[in-house]
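The structure under discussion appears below in the form of structure tokens.
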Amino acid sequence: MWQSLLCLVMQCGTFKPDLLKGDTIQVTSVVNPPFLQLKEGGTGVGNDRYEGFLVDLLDKLEDTLGANININLVKDGRYGYCNSSFPDCSVWTGMIGEVQRG
């Protein structure tokens with residue numbers, strides 16, 4: 001799937017709208033209005049918990065690509081920074097750490 005996403009971003013050849021059809025993509029973010037915020041009166045289920053620019057953009061991508069996109073809040077609420085106790089920066093917090101850990 002990473003190759004498909006890379007090809008989509010890098011515009012490999014011609015656009016293939018069915019490249020990610022049926023795939024599920026996990027998006028990790030932090031609450032940062034107006035881009036992403038908790039929806040008042042939302043169902044508390046799935047992406048309906050959120051509203052904002054990111055949600056609108058991902059809804060359009062879902063429609064265009066035929067993929068399922070799930071929004072998840074990063075557990076520690078941070079964008080991420082390198083833990084300075086590791087000189088090679090192998091351990092990160094926040095969104096970067098979640099991507100790094102898979």
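When a residue number appears, it is its place in the shown sequence, counting from 1. In what follows, every heavy atom counts, from backbone to side chain, and hydrogens, waters and symmetry copies are set aside.
Hydrophobic clustering of Ile, Leu, Val, Met, Phe, Trp and Tyr side chains at less than 4.5 Å, counting indirect connections, unites Val31 with Ile69. Hydrophobic clustering (ILVMFWY, side-chain heavy atoms < 4.5 Å, transitive): Val30 and Leu36 are in distinct clusters. Neither Val99 nor Phe35 shares a network with the other; the hydrophobic side chains, linked directly or stepwise wherever heavy atoms of I, L, V, M, F, W or Y lie under 4.5 Å apart, form separate groups for each. Leu73 and Met95 sit in two unconnected hydrophobic clusters of ILVMFWY residues. Membership requires side-chain heavy atoms under 4.5 Å apart, directly or through other members.
With hydrogens and angles disregarded, a donor-acceptor distance shorter than 3.5 Å links the side chain of Asn47 to the backbone of Ile71. Between the side chain of Arg78 and the backbone N or O of Ile96, no donor-acceptor pair lies under 3.5 Å. Remark: side-chain polar atoms of Glu98 are paired, donor with acceptor, to backbone N or O of Lys75 under 3.5 angstrom. In this structure, the side chain of Asp76 engages the main chain of Gly94 through a donor-acceptor pair within 3.5 Å.
In this structure, Asp48 and Lys39 approach most closely via the heavy-atom pair OD1-NZ, 2.7 Å. The nearest pair of heavy atoms linking Trp92 to Tyr81 is CE3-C, 3.2 Å.
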Using a 3.5 Å cut-off and no angle test, enumerate the donor-acceptor pairs between side-chain atoms of residues 50-58 and protein atoms at least two apart in sequence or in another chain.
residue, atom, partner, partner atom, Å
Glu51, OE2, Gln37, NE2, 3.3

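Between Leu65 and Asp23 the shortest side-chain heavy-atom distance does not fall below 4.5 Å.
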Practice problem: Please lay out, stage by stage, how Thr24 and Asn70 fare under the test side-chain contact (heavy atoms from CB on, under 4.5 Å). | Solution: CA-CA 7 Å; Thr24 299; Asn70 297 325; 3.3 Å; yes
